[in-house]
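Please read these numbers as outputs of a predicted model, since none were measured by experiment.
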Amino acid sequence: IDYVTKDILPVVYVLDGNGEAALSDEMTASIERQNVTLNTLNLLTETEIPEDAAAVICVSPKNDLSDAQYDTLLSYLENGGRMLLFTDYQNGRLTRLNDLMENYGVAADNSLILEGDSNYFYPGYNYYLLPDRQEHEITSSLVSGGLYVMLPFSHVIRTLDSYRSS
């Protein structure tokens, strides 16, 4: 309905420049089916997030934020911006990104999740998690097809008691 009733559709910027992974073709297609425009944004060369940004997506960066990138993202978020962040186990390397996360009440611990129940990990690899799938319209094809979601090298993300209110 938004597609035919609104003049301007949402634009989401996918961050680039810090070794981020690419969105999968399936995720890109899914987002675009929702009539959302995806653009790439490199905060190494751009000093601010465009005003038309409905959100930014950061997919598993390999390199930490510079002070300027941190300030740009913090300013954007403090002014009502939205961010979808995917992270990988990082062994404590992304201190500025962790600082940004802690502003909003979450922290990445420097630890992997190891599963003790062999029903929930790939045989021989207790850090390749196989979580329980619940029946839902989104997961119905996984459950009916007998497919699993594998989460290798998952790390702990904990909630903090104190954080900013914006």
If only side-chain N and O atoms count, and only distance matters, is there a donor-acceptor pair under 3.5 Å linking Tyr148 with Asp132? no
| said: Please tell me whether His155 and Ser111 have a donor and an acceptor in their side chains that are separated by less than 3.5 angstrom. | reply: no
Test salt bridge (Lys or Arg N to Asp or Glu O under 4.0 Å) on Arg96 and Asp67 and set out the steps.
CA-CA 8 Å; Arg96 294 303 281 161; Asp67 289 341; 3.2 Å; yes
To the nearest 0.5 Å, tell me how far [X] [atom1] sits from [Y] [atom2].
| X | Y | atom1 | atom2 | value |
| --- | --- | --- | --- | --- |
| Met83 | Ile49 | CE | CD1 | 8.5 Å |
| Ser30 | Arg33 | OG | CZ | 5.0 Å |
| Thr95 | Glu102 | OG1 | CD | 10.0 Å |
| Ser66 | Asp71 | OG | CG | 8.0 Å |
| Glu20 | Asn63 | CD | CG | 8.0 Å |
| Leu38 | Thr40 | CG | OG1 | 8.0 Å |

| message | Whether Arg158 and Asp109 form a salt bridge (side-chain N of Lys/Arg under 4.0 Å from carboxylate O of Asp/Glu) is what I want to check. | response | yes
Sequence neighbours excluded and cut-off under 3.5 Å, please list the side-chain donor-acceptor pairs for residues 121-131, or say none.
none

For this session: Kindly indicate, with the supporting measurements, whether the criterion side chain to side chain contact (heavy atoms under 4.5 Å, CB included) is fulfilled by Gln69 and Leu44.
Result: CA-CA 7 Å; Gln69 291 171 313; Leu44 292 172; 3.4 Å; yes
If hydrophobic clusters are built from ILVMFWY residues whose side chains come within less than 4.5 Å, do [X] and [Y] share one?
| X | Y | answer |
| --- | --- | --- |
| Leu151 | Leu142 | yes |
| Tyr70 | Tyr13 | yes |
| Val11 | Leu23 | no |
| Leu147 | Val143 | no |
| Leu77 | Leu43 | yes |

- Verdict with reasoning, Phe86 to Ile57, per side chain to side chain contact (heavy atoms under 4.5 Å, CB included): CA-CA 8 Å; Phe86 298 92; Ile57 299 175; 4.0 Å; yes
Requested in this report: Dump the intermediate steps for side chain to side chain contact (heavy atoms under 4.5 Å, CB included) on Asp99 and Leu97, then the final yes or no.
Outcome: CA-CA 5 Å; Asp99 291 344; Leu97 181 62; over 6 Å; no
Is any side-chain heavy atom of [Y] closer than 4.5 Å to one of [X]?
| X | Y | value |
| --- | --- | --- |
| Leu15 | Leu73 | yes |
| Gln134 | Thr139 | no |
| Leu112 | Phe153 | yes |
| Leu41 | Val14 | no |
| Ile31 | Val12 | no |

For Lys62 and Arg93 the tightest heavy-atom approach is O-NH1, 2.8 Å
Closest non-hydrogen atoms of Thr72 and Thr47, given as atom of the first, atom of the second and distance, are OG1-O, 3.2 Å
Can you tell me if [atom1] on [X] sees more than 12 non-hydrogen neighbours from other groups inside 6.0 Å?
| X | atom1 | answer |
| --- | --- | --- |
| Met27 | CE | no |
| Arg133 | CZ | yes |
| Glu48 | CD | no |

Can Asp64 and Asn98 be said to form a side chain to side chain contact (heavy atoms under 4.5 Å, CB included), step by step? CA-CA 9 Å; Asp64 203 7; Asn98 288 334; over 6 Å; no
Only residue of Leu160, Leu85, Leu94 satisfying side chain to side chain contact (heavy atoms under 4.5 Å, CB included) with Met101 is Leu85
